[in-house]
Amino acid sequence: MKMKKRLLFILSCIFLLSLTACKSSDDKPFDYKESTLTYMTVDIINQYKDVDGDAVDYYLEEGTELERSAVQGFRQIQTTDKVGKFVSIDESADDAKFEVGSSDDILCTVRCKYENRDVDVRVSYVKNLEYYKERAKLVDYYEAALMAQYGMTLEQAVKEDGAYASADEFIDSLMIQQGIYPYKAVQAEVSAVYSKSELLGKAGQNTAIGMVTVFCVLIFISFVISLLKFVPMIFDPSKKEKKQAAEAAKKLEENKTEAPAKVDVPAAEAADEELVNDDELVAVITAALYAALSDNAVPTAVSKDKLIVRSIRKVR
């Protein structure tokens, strides 16, 4: 049994390691040149960092995802983060950061220096399929033109010229000069750079504000619930009168059920009261009077005051 558990544990570890090895940060969705991505990112920064006026509304309403995200990001760092005036850009590819995104894209991050704090601009790039279509058309055009005019292929012409190492490099440079790149920028993210202490302080502040807001809302809800008992009285005023009458009747009933206060009375009065309230004692005395007053002590005799006692029985 222990051997089975160990075997299962080892197989689980191997399976997890194989999953992590399937996708690593070194896996690239496509080949790219870091210098080209850096140049494209810097061009995007220069194009959208100073947009203002009617252009802002146009980009936010009619622009592409890249235009909207870039313009909105540069506006936010001025209104929210107060970064101040633009100073410079780190245009060197060595200073840029590259990483693989979650959507088969490449993320290129270039840092900009502003008056109050630095700003990171991260642009997401995907493979541009239109680039390869236009490239194929350009290759066919130069091949046909060189063959018709000089009777040589494009590769032969490039080697003879010596300005470029290969025909591919020559075609790529022509495409970039026309503004057509093998990569396409789809989205931009602009964020101010904060230190760890600033981030922790901001997180604590947001947590405190959130907790205070929650408690205020709970107190307000409790107050509203406490007012619900007055809602029936608002819509039906007669219920208020009925409630008051019911409360008055309840108080009256409580007063009636309260024990009367003890009063000291003479012993004779107490004895008289006890005799008056004792039915059995009254019956015995009545029978004795009947016996004394009657002429003949018989059950059916009638006393002088016409009082007849037929029988005596205990009252339960």
TODO: Check Ile45, Asp81, Val190 against Val119 for a side chain to side chain contact (heavy atoms under 4.5 Å, CB included) and give me the one that passes.
DONE: Val190
Open item on the list: For a 4.5 angstrom cut-off between non-hydrogen side-chain atoms, does Tyr114 reach Lys49?
Closed with: yes
Task: Leu107 side chain reached by Val100 side chain, heavy atoms, under 4.5 Å - done: no
- [ ] Let me see the working for Arg122 and Glu99 under salt bridge (charged side-chain N to carboxylate O under 4.0 Å, His left out), right down to the final yes or no.
- [x] CA-CA 10 Å; Arg122 177 181 295 176; Glu99 55 185 321; 3.4 Å; yes
Open item on the list: Can you see whether Thr41 engages Tyr125 through a side-chain donor-acceptor pair at a distance of less than 3.5 angstrom?
Closed with: yes
- [ ] Side-chain contact test, heavy atoms from C-beta onward, threshold under 4.5 Å: evaluate it for Leu174 versus Leu138 and give yes or no.
- [x] yes
Open item on the list: Quiz question: by atom type and distance under 3.5 Å, do the side chains of Tyr59 and Asp54 form a donor-acceptor pair?
Closed with: no
Open item on the list: Check this for me, if you would: do Glu198 and Arg117 make a salt bridge, where the nitrogen-to-carboxylate-oxygen distance has to be below 4.0 angstrom?
Closed with: yes
Open item on the list: Is there a side-chain contact between Tyr181 and Ile176 in this structure, where contact means two heavy atoms from C-beta onward sitting under 4.5 Å apart?
Closed with: yes
Task: Salt-bridge criterion met for Asp168 and Arg135 (N-O under 4.0 Å) - done: yes
TODO: Check whether any side-chain heavy atom of Tyr183 sits under 4.5 Å from a side-chain heavy atom of Tyr32, and report yes or no.
DONE: yes
TODO: Answer whether the closest heavy-atom distance between the side chains of Leu146 and Thr153 falls below 4.5 Å.
DONE: no
Open item on the list: Closer than 4.0 angstrom, basic N to acidic O: yes or no for Arg68 and Glu65?
Closed with: yes
Open item on the list: Quick one, Val193 and Ser191 - any side-chain contact, counting heavy atoms below 4.5 Å?
Closed with: no
Task: Asp105 versus Ser124, side-chain donor and acceptor atoms under 3.5 Å - done: yes
Open item on the list: Salt bridge check, Arg111 against Asp90: does any charged N sit closer than 4.0 Å to a carboxylate O?
Closed with: no
- [ ] Compare all side-chain heavy atoms of Val51 with those of Phe74 and state whether any distance is below 4.5 angstrom.
- [x] no
TODO: Flag the pair Lys82 and Glu115 as a salt bridge only when some basic side-chain nitrogen lies within less than 4.0 angstrom of an acidic carboxylate oxygen.
DONE: no
